[in-house]
Structures are given as C-alpha cells and as structure tokens.
Amino acid sequence: MKLDVAVRTLCDFTARAGDLDSRFTPAPTALEGMAGHAVIAQRRPAHFEHEVVLTAAHAGLTVRGRADGYDPRESRVEEVKTYRGDLDALRDNQRALHRAQARVYAHMLCVARELAEITVAVVYFNLDTEAETVLAETLPAGALQASFQDMCERYADWARHERAHREARDGALEAMAFPHGKMRPGQRELAVAVYRAARDGHPVMAQAPTGVGKTLGTLFPLLKACATQGLDKVFFLSAKGPGHGLALDAVSRLRTAQADGLPLRVIELVAREKSCAHPDRACHGESCPRARGFYDRLPAARAAALADPGTTLARAAVRAVADAHGVCPYYLGQELARWSDVVVGDYNYWFDSNAMLYALTLVHQWRVAVAVDEAHNLLERARSMYSITLSTEDVRAARAVAPKALRKPLDGLLRSWRALQKKQQTDYAAYDMVPGGLRDTAQRASAALAEHFAGAAGSPDDPALALHFALLQFGRLADGFGNHALFDLTITGDASPLGGPASQVCIRNVVPAPYLAARHAAARCTVLFSGTLSPPDFHLDTLGLPASTGWVDVAAPFSAEQLRVSVVPGVSTRWRDRARSLAPITDLVAAQYAARPGNYLVFLSSFAYLEQVARRMAAAHPDVPQWSQAPRMNEDQRADFLARFTEAGRGVGFAVLGGAFAEGVDLPGRRLIGAFVATLGLPQVNPVNEQILAAMGARYGQQMAYDYTYLYPGLQKVVQAAGRVIRTETDTGTVHLIDDRFRQRKVRALLPTWWRVGIASNALDRPSHAPA
C-alpha cells in the first residue's frame, strides 16, 4: 500500500511534544511570512538553491516537501521561520516542530545528493528588525536516516489505519440505504439537488419547510458523495446548539438503519467555555494540569477516541476520553476534527476570519462539503464576524493596567479619537471611510501592544490584551474597507474626568459577500438550507454566492387545510400606534383561546412591547394562563419556558420575534396549536439601519435598498415564528398575522406558497380567502 504524506504533516503528527500553551504570542500573517522568506532569499549568494523539491520513502510511505533553501558549497539546508517580538517567547513544542522539519529535509538531501553529513539550520527571521537568528547543527546522514525512519514508521502505522478506515467508510457509504426505506417526495427533491451540487462542484440553496426532513435529506446525499465523488469531509454547521442535536440524531438514524453499522467518524465541536475542564485555570502547562504534557498524552487519547468508528464523539464522549487521558477536552476535540468524516459545529468554524476548519482545509487541501443549517441566519452572523466595535472605555481600561511605555501610544489614540468626536455635531454619525488620523494612531497603538506582548504573555482577562486583539481586527477591517461596510461613531455617555464623553467607533459590516466568497470557493460544494430563503437573489447578493449556485424550492408536505392563516386588518403595530393596539391584540388572543383552549405563542417586536401586551392581557383577561420570555434567559430558564407547552397544557406564552423561541423550537401535536405574530419583524428604524439602507442603495440600487434592509429580514422572522405551529403531517392550528401591512401584495408574496391566507372580518371568523 503506497501512501503519500507532506513533510509538515509527518512532523506535525510525530514531533509535537510537551505542554499545550495558548497564551498569546504575536504571529505573522501568511503574506508577512512570504515577505520575510523573500528578504532571506535576496540575502543568499547566487549559487544558493531556493525551494528545493525533495522526496524520500520508507515503510511504504513517500514523503514530499520543498526545502526553503540549500547551499551546496556549505552543504547546509535551511528551514526559515518568521516571527515577531522576542524569540525566547516561542513555545518549545513549536521549536521541536521546526527542528524536525529541518532534519527531514536534511535527510532527503543526503539521499538525493549522496552526502555523508549536512548542516541543518533553522533560520528565525524577525519581521520587525529583519534580524536573523540561526540555530545550526551538523549531523551525519546515518543519524538523520534513523530519525526519519522512526518518524515514518510511527506515521505509517497510523496512515495504514486511516487508509483502511477510508476504504471501509467509502464502501459502507456507497452501499448505505436510506433509513426510512423511501424518501418523502420533497425530501427526495432536496437530496437530488444536494447530490448534484456535490457531483458538479457548485453551491446550492434549498428552501425546504419543516416536515420535509431537511437534515437527513442533506446529510444522506453528501455522505453518498463522499464515496462517489471523493469528498474527504462533511462540515455540518448551525447557528445554534439545537442544530447540532439534529445532525447527530440524523447520523444515529443512518447508523442504526445499516445492517453492518456505519464506520463513520463524527465529532461535535463545542465552544471552549462549554468544554473547559478547569475554567479557573490559565491555558498553559504552568497553570492547568490538562495542558501540562498535553502533546505527550495526545497520541493515546487520539487513538482511544477513534478506536471505534461506530461511536459519535458528541460533547460527553469527547469529555470522557479527555478525562481518561488527562488532556484538555477542547483541544482534543479540535485535534479529532482533523481525523473525522463529519464535523458538527457552529458557523464560525468555517466562516469566521480565523476559522479553524477553513484553515485546515486549505493546509491539507481537503475536498469538503459544507452544509449550512437554517442558513437565513448566516447574514447576521457573518456581519458580526466581520465587524468590530471599540470604545473609549476599552482604551482607558487598557491604559490603567498598561506599563508606562504603552501609555503614550494609547494616549495618542484617545487624542485622535477626541478630535474626531469634537467635529461631530450629533451623537451618531457615519463616515465614507475610516478617518486617517484615527486609523494611524490605532495602528501605532496596536504595534506597541504587539511589541509588549511579544515579550510577556498576556492572560485572557487582561484588558490590554483584549484591546490588542480588537485593534488587530480593526486594522484588518480598515485595510479591506469598502462599500460593503460602514464606519460610524456613537457618543454613549457624558464627559469623563479623563477627557471627553464616552463613545464607540465601529467598522460595521453590511454585506459579508466579499469575505464569504472565498469560503464557498474553498469547498467542493456549499449547501445552504432553510425554510425561509426567499427571495434567492437576496442571499446570492449578500452571502457572496457565485452565479452558478443552484436553487431548489421544495414543496411543503402539509395541506392548506392544516393551517388557518388570518390577516387581522385594522390594527397597526407601528411604534406610534402601539398603545392603541394593546386592546385589539389581547382581545383577539383571549377570544381565540376561549374558542379553542390550548397552547399558543404570541410574538411581539420587542421586550418593551411584550411587557405592555402581557400586562394588558393579565388585567383584561386574568382567566387566561400566561408566561413570558425574559431578556437574557439561560438554558434552564428557556427549558422551563418550553416545558409549559405540554400535550394537555393550556395557556399563552409571550415571546420576542427573532428570539430564542421564534425558530429552532419543535412543539408538535397539541403542544402548540396557534400563534399570533403582532409585527412585520422589520428592523428598527434608527440611524444605523438608515445608514445600512443607504449602503444597500449604493450597492444594489435604491429600488432594492428597502427590501434588502428591512422587508426581507423582517418577513423571514415572521415565517419562522409561524412555522412553530405545524410540525408534522397530522398537526392542525391557526396563525394570526396582526398588522394592516400584511394585506400588501408585496408582503403577501413573501409568505409560504402553501398557506391559504385570508382576511379575518372579525376576531374569530374563518378567513374569506379574498385577495388582500
């Protein structure tokens, strides 16, 4: 069995040792590293050989790589590494990796050039000072050969195991049967579109309502494509934690439906704060026992976790392995993602600027499919990923703990900030670009912080380190600033004794398309699926999808008779009309409850509006049981809210549209028999959104600006909330759309096609189904 491996992969697997250490040290970007290599190359003599392509073989393994440089006269191989700050801050496990890479290249050159010995040099290049530090050793060819063979034998055993797993996996996936025998009609249409996207190598958007079986209808064809199209991995990404459970449950159903099981490695990635074994400890070997000797214990933990490919490594399973081997569960999970076939996690693992799965895919040249669950959430999540807010209070907090050398650049940043503030006539203003003075002083402050932390590792709760990270992001976004973003300044407080009122500056992403396009290009296919992706052009434009993106609109498995949808005219939920809307809304809810007692949800546009309606309901209709969503509810509180919706329960829950209970909540049968949506869900009209409106107009034309900024995002929330009522083919229920604007033709066109929407002539009349 012939196996190929890159030098970096071989060394990364076999040479890492010692402690885990996640303390911050400044690292060059890829472009800075390339520039540093170029400087070194220019300094070398004419006979020096650059980028030397090399191969060597042992134990059935062919190792390939490209040495940075070789001096044939000096018989010296160089491995160049760029860095910033203090070289002594470089971690021991990183140095061991660099040394191992240089020695492998040295062995390959000894074989290729028939050398008896060679000088092995790791050249560290300081990007700030352009100084070289050379760590060199002269080694005989025999010693290098022995080291190389040991590494190959250790890796080859693992590689053969991996090859056998891949062959078993692909064979099983090719023969895999659908767990329910026959797909539902809409589910089959979805699966065919997804498989064709993976086959042809382009993204696809799939609008598929609840009840189709979106998760299984997406995962099944992508796993089939792993076998037939050579996909290495499937990344299943969701905006919220419950989406993880749906994916893991779908895999479980696929496993149990196969007579011989399914050798499929599945890992759930969990955020650090939810997986850390010692949240009170710093993440390095001097503080945390799970970090101390992490890389020494990692091989055994990795082997144990992956011993049974029929086990899904959900959060609890990863934690159990980590506990058994005394390693960090968070970083163990990240390591296991490298070797898993299906990775389940949050959007940020692929779409964020520092996304782990995206970086690994580029490094290892994986062929991947990315499934984006509830993809209507991606726009807002991506906007936040590529936005940054800085406050004067953040700078002052950093200055308060900073050493004297940092105070001057931080004071300079505050002075330029105050100068900008003084010119501003209003509490909020947006600008066409990032002001040059602020940008320059922010860059100087960032450089000073980088120099400081290069010599002293910062703790996670250090406000100066937090400011450094924020300024790095600010600088990156300022460098890429364009018509996809806004820069604004907001005065947030009164004048401070330290000078000037408190304020915030923000580089605010409006359209993440320029950033997300590279993510779509790196995947064999991206599948974005949701019950609300209309109109498709809106998502094509804002999410950076190429023109080749496919579109499928899957028919609902429900009939119009299952859901009575009524537009309630004569009521306005606009802010200026809210006081007059309280009585009609609560009377309607009470009348519906009296006519058909059961569980209902009432969705309002804000917590303030919710409280007004709930108080009016309690006063006017005290016989109707009610409970309300509260701001910032934790997991237990959310569970308690949903626990009120039982099959035999009766009452009304009040919730905020777009919040935790407006999507991703499954209440089938009589657990929920109706919903009232007393808002169009339109984003609040405020200075920020009006600037977004202007930016959308400049980018897509004034005709589409309002729809892209307000209408489409609002109606998506309405449809998601109403979708809580009908969850299965046997459910029945009612939805009341309360606002006179629901009668507008443009608004009605964005509602699901299977709804038969009528106009209620009074609170409980069956709708007439006359055109609104």
Side-chain angles (χ1 to χ4, degrees), residues 565-646 648-665 667 670-684 714 717-725 733-742 760 762-764:
V565 183
S566 304
V567 170
V568 180
V571 179
S572 169
T573 63
R574 297 170 179 86
W575 186 85
R576 65 177 182 270
D577 300 322
R578 285 184 182 172
R580 290 192 297 273
S581 73
L582 302 182
I585 291 172
T586 53
D587 291 348
L588 172 63
V589 173
Q592 177 64 47
Y593 180 84
R596 189 186 179 199
N599 294 319
Y600 293 86
L601 270 168
V602 181
F603 293 101
L604 289 309
S605 56
S606 68
F607 282 107
Y609 195 17
L610 181 155
E611 290 172 6
Q612 292 173 6
V613 175
R615 281 199 301 268
R616 174 63 171 74
M617 187 78 185
H621 305 283
D623 56 318
V624 179
Q626 64 165 279
W627 54 98
S628 296
Q629 179 183 357
R632 296 178 294 279
M633 293 173 81
N634 59 34
E635 290 185 16
D636 290 340
Q637 291 168 330
R638 291 195 294 269
D640 289 343
F641 182 92
L642 293 175
R644 300 286 295 269
F645 293 88
T646 64
R650 293 183 177 186
V652 176
F654 290 94
V656 172
L657 191 72
F661 306 113
E663 63 176 273
V665 171
L667 300 170
R670 289 193 56 83
R671 293 183 64 190
L672 182 69
I673 63 171
F676 303 81
V677 183
T679 172
L680 262 70
L682 307 182
Q684 183 183 11
K717 295 175 184 177
V718 170
V719 175
Q720 282 290 327
R724 301 311 95 206
V725 178
T734 60
V735 169
H736 294 273
L737 303 176
I738 308 172
D739 192 284
D740 51 17
R741 289 168 290 180
F742 280 113
N762 61 53
L764 291 175

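Hydrogens, waters and symmetry mates play no part in the numbers below; they use all other heavy atoms, side chains included.
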Q. About how many Å separate CG of Asn599 and CG of Leu667, when rounded to the nearest 0.5 Å?
A. 8.0 Å
Q. Can you tell if the side chain of Met617 reaches within under 4.5 Å of the side chain of Val624, non-hydrogen atoms only?
A. yes
Q.
So which atom in Arg616 and which in Ala583 form the shortest heavy-atom distance, rounded to 0.1 Å?
A. NH2-CB, 3.3 Å
Q: Supply the atom-to-atom distance Leu610 CG to Arg615 CZ, rounded to the nearest 0.5 angstrom.
A: 10.0 Å
Q | Value rounded to 0.5 Å, distance of OG1 in Thr679 from CZ in Phe742 | A | 7.0 Å
(Q) Can you give me the closest heavy-atom contact between Asp577 and Ser572, atom names plus distance? (A) OD2-OG, 2.6 Å
Q. Between atom CZ of Phe641 and atom CZ of Phe661, what is the distance when rounded to the nearest 0.5 Å?
A. 5.0 Å
Q | Given Arg578, Lys717, Gln684, the one that forms side-chain hydrogen bond (donor to acceptor under 3.5 Å, both in side chains) with Ser605 | A | Arg578
Q: Report the residues that fulfil salt bridge (charged side-chain N to carboxylate O under 4.0 Å, His left out) with Arg574, sequence neighbours left out, ordered by chain and then residue number.
A: Asp740
Q.
Quick one about Tyr609 and Ser581 (side-chain donor to acceptor, distance below 3.5 Å, no hydrogens or angles considered), yes or no?
A. yes
Q | Heavy-atom closest contact (Ala662 atom, Phe603 atom, distance) | A | CA-CE2, 3.7 Å
(Q) When you compare the side chain of Asp739 with that of Val571, does any pair of heavy atoms fall below 4.5 Å? (A) no
Q.
Set out, in order, the CA-CA distance, both residues' side-chain angles and the distance that settles side chain to side chain contact (heavy atoms under 4.5 Å, CB included) for Leu657 and Val718, then state yes or no.
A. CA-CA 7 Å; Leu657 191 72; Val718 170; 4.1 Å; yes
**Q.** Nearest non-hydrogen partners of Leu604 and Val613, listed with the distance
**A.** CD1-CG2, 3.9 Å
Q: Go through Phe676 and Leu588 one step at a time and tell me if the side chain to side chain contact (heavy atoms under 4.5 Å, CB included) criterion holds.
A: CA-CA 9 Å; Phe676 303 81; Leu588 172 63; 4.0 Å; yes
Q | Derivation and outcome, side chain to side chain contact (heavy atoms under 4.5 Å, CB included), residues Glu611 and Phe654 | A | CA-CA 9 Å; Glu611 290 172 6; Phe654 290 94; over 6 Å; no
Q: Output the distance between atom CZ (Arg576) and atom OG1 (Thr573), rounded to the nearest 0.5 Å.
A: 10.5 Å
Q. Where is the tightest heavy-atom contact between Ser606 and Val656, given as atom of each residue plus distance?
A. C-CG2, 3.9 Å
Q: Begin from the C-alpha positions of Val652 and Val589 and carry the test side chain to side chain contact (heavy atoms under 4.5 Å, CB included) through to its verdict.
A: CA-CA 8 Å; Val652 176; Val589 173; 3.9 Å; yes
Q. Between CZ of Arg650 and CZ of Phe645, what distance do you get to the nearest 0.5 Å?
A. 15.0 Å
Q | Pairs involving residues 618-639, ordered by first then second residue, that meet side-chain hydrogen bond (donor to acceptor under 3.5 Å, both in side chains) (sequence neighbours left out) | A | Asp587-His621
Q.
I'd like to know if the side chain of Arg644 reaches the main chain of Asp640, judged simply by a donor and an acceptor atom lying under 3.5 Å from each other, with no hydrogens or angles considered.
A. no
**Q.** Shortest non-hydrogen contact between Tyr593 and Pro625, atoms and distance
**A.** OH-CD, 3.6 Å
Q) Hey, are the side chains of Leu737 and Val565 touching, using non-hydrogen atoms and a 4.5 Å cut-off? A) yes
